[in-house]
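Right, one structure below, let's go through it.
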Number of protein chains: 2
Amino acid sequence: MKYTKKQRQEKLQNKIIENPFITDEDLADFFSVSVQTIRLDRLALSIPELRERIKHVAREHLDDVKALPEEEVIGEIIDLQLDKEAISLLDIKKEHVFSRTGIARGHYLFAQANSLAVAIIDEKMALTAKASVHFHRRVKEGERVIAKAEVKGTKDGKTIVHVVSNVKEEMVFYGEFSMYRSGK
Amino acid sequence: MKYTKKQRQEKLQNKIIENPFITDEDLADFFSVSVQTIRLDRLALSIPELRERIKHVAREHLDDVKALPEEEVIGEIIDLQLDKEAISLLDIKKEHVFSRTGIARGHYLFAQANSLAVAIIDEKMALTAKASVHFHRRVKEGERVIAKAEVKGTKDGKTIVHVVSNVKEEMVFYGEFSMYRSGK
DNA sequence: CCAATGTTATGACTAGGTAATAAAAGTAGT
DNA sequence: ACTACTTTTATTACCTAGTCATAACATTGG
């Protein structure tokens with residue numbers, strides 16, 4: 001025999017993670033055992049059946065795509081006084097960090113700050129013209145970044161917004177954004 | 001009767017887009033028609049059955065999660081000479097633009113430039129310290145942004161990278177990045 | 001009123017399973 | 001070599017959410 005029960009079950013788990021769309025029959029072929037054995041294995045490992053697996057993957061996706069366009073903002077806005085100040089919150093998760101180091105990629109902090117700068121403008125449309133940003137400290141997975149934006153005034157039609165992002169009491173990011181606004 | 005055939009089929013389409021997990025039976029209940037009618041409707045609209053719908057959504061998701069961590073870069077790198085220059089390409093799609101205006105959100109252009117600046121550094125790890133960026137022209141859905149990064153030199157341990165992004169011959173973005181590098 | 005369109009019902013079949021039960025095969029210990 | 005136990009396989013009945021084909025019934029417009 002090729003594998004012991006334990007070995008097979010380990011491999012099985014990997015196989016299914018790798019390709020959640022595989023049927024018991026295909027697995028049975030692959031391991032040269034009967035379908036029933038595969039089913040006992042899944043039962044033992046509490047791996048749900050193909051359809052449930054697919055459903056699960058699909059639901060995750062649906063949550064993703066629903067979460068994004070709903071709020072065209074990176075991070076969750078928790079306070080917003082138009083043309084004055086705004087605060088948003090971003091929890092740094094796996095998808096935001098370099099997988100090797102666990103350090104957040106700069107453009108997510110930028111994105112949080114930038115989209116907050118867009119949101120704060122009391123206009124149907126706002127676009128970033130210029131930005132000058134500083135990354136003060138690396139942010140790690142699991143940390144919560146709170147960005148605070150403040151409108152500093154207007155200079156030749158462009159609104160200047162300052163954004164300071166903190167993790168707890170520590171400043172991790174600072175940016176100055178110069179925003180076009182659609183208003184006449 | 002509540003709806004005509006046409007009205008029902010339109011509503012049906014929306015219903016399914018809204019919640020692809022709904023069964024024919026639930027739909028039949030909702031519209032107070034028989035399951036068979038729903039099936040004829042789906043057939044007419046060529047909407048696949050529940051399981052196929054779910055599978056499709058799941059596959060998209062799988063592609064997403066597989067595509068992202070593979071290359072930790074926004075855009076596709078088409079040329080890379082470490083510590084010299086690099087070029088990447090980003091096709092602006094629906095998910096990159098403000099849905100109302102079709103104009104690309106600034107942080108995607110930033111992300112493309114920033115991740116190119118990270119990639120160009122010949123080191124296991126590179127992080128952005130500072131960045132100064134200008135958005136010269138709005139980029140629209142369907143346009144292809146080509147970012148070109150050049151290493152300009154090193155100043156107190158930080159590498160200066162310039163990134164110019166063009167759509168066709170027109171410059172749309174310019175950024176100067178100051179990068180930390182892990183090297184001793 | 002009758003023909004066309006729309007709707008519902010029925011029966012046979014499918015994939016990819018669950019669950020329960022039984023039988024067979026392999027592995028150890030003595 | 002025989003028993004005891006684990007592991008694997010087979011069998012049967014059932015399930016969901018469909019497919020496809022055929023037939024009958026209902027509604028509406030002209």
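The chains referred to below are lettered A, B, ... by the order of the sequence lines, with proteins before strands, and numbering in each begins at 1.
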Can you measure A:D24 atom CG to C:dA19 atom P for me and round it to whole angstrom units? 13 Å
Grab the NZ-P distance between B:K6 and D:dT28 for me, whole Å please. 17 Å
Rounded to the nearest angstrom, tell me the gap between atom CD1 in B:I38 and atom P in D:dT19. 12 Å
Look at all strands and tell whether A:V35 reaches a base, only sugar-phosphate, or nothing, counting heavy atoms closer than 4.0 Å. nothing
Starting at CG of B:L27 and ending at P of D:dG18, how long is that distance when rounded to a whole Å? 9 Å
Send over the distance from A:R39 CZ to C:dG16 C1', rounded to a whole Å. 7 Å
Shortest side-chain distance from B:S34, nucleotide among D:dT9, C:dT8, C:dT7: C:dT8
So which of residues 40-49 of chain A are in contact with DNA chain C, with a heavy-atom cut-off of under 4.0 Å? A:R42, A:E49
Picking from C:dG17, C:dT8, C:dT7, which would you name as closest to the side chain of A:L50? C:dG17
Mark yes or no: A:R59 above the aromatic ring of B:F21, with NZ or CZ under 6.0 Å from the six-membered ring centre and no more than 45 degrees from the axis. yes
Checking the side chain of B:D122 only, and the main-chain atoms of B:L82 only, is there a donor and an acceptor separated by less than 3.5 Å? no
Against the side chain of A:Q36, the closest entry in D:dT9, D:dA17, C:dT7 is D:dT9
Checking B:E176 against B:H162: is there a side-chain donor and acceptor pair closer than 3.5 Å? yes
Does A:R51 make a side-chain donor-acceptor contact with the base of D:dA17, cut-off 3.5 Å? no
Hey, does the Lys NZ or Arg CZ of A:K130 hover above the aromatic six-ring of B:F135, less than 6.0 Å from the centre and inside 45° of the axis? no
Roughly how many Å is it from CD1 in A:I54 to P in D:dA17, rounded to a whole number? 14 Å
In sequence, state the C-alpha distance, the side-chain angles, and the governing distance for B:K93 and B:E143, and then conclude on salt bridge (Lys or Arg N to Asp or Glu O under 4.0 Å). CA-CA 8 Å; B:K93 297 184 187 149; B:E143 293 188 312; over 6 Å; no
In terms of relative ring orientation, are B:F177 and B:F110 parallel, tilted or perpendicular, with 30° and 60° separating the classes? tilted
Under 4.0 Å between any heavy atoms, over every strand shown, what does B:R53 touch: base, sugar-phosphate, or nothing? Just pick one. nothing
Using only side-chain N and O atoms of B:T37, determine if any of them is under 4.0 Å from OP1 or OP2 of C:dT7. no
Mutual orientation of the aromatic rings belonging to A:Y174 and A:H134 [parallel < 30°, tilted 30-60°, perpendicular > 60°]: tilted
Could you state the NZ-C1' distance from B:K5 to D:dA26, rounded to the nearest angstrom? 14 Å
Is any side-chain nitrogen or oxygen of A:R8 closer than 4.0 Å to OP1 or OP2 of D:dT8? yes
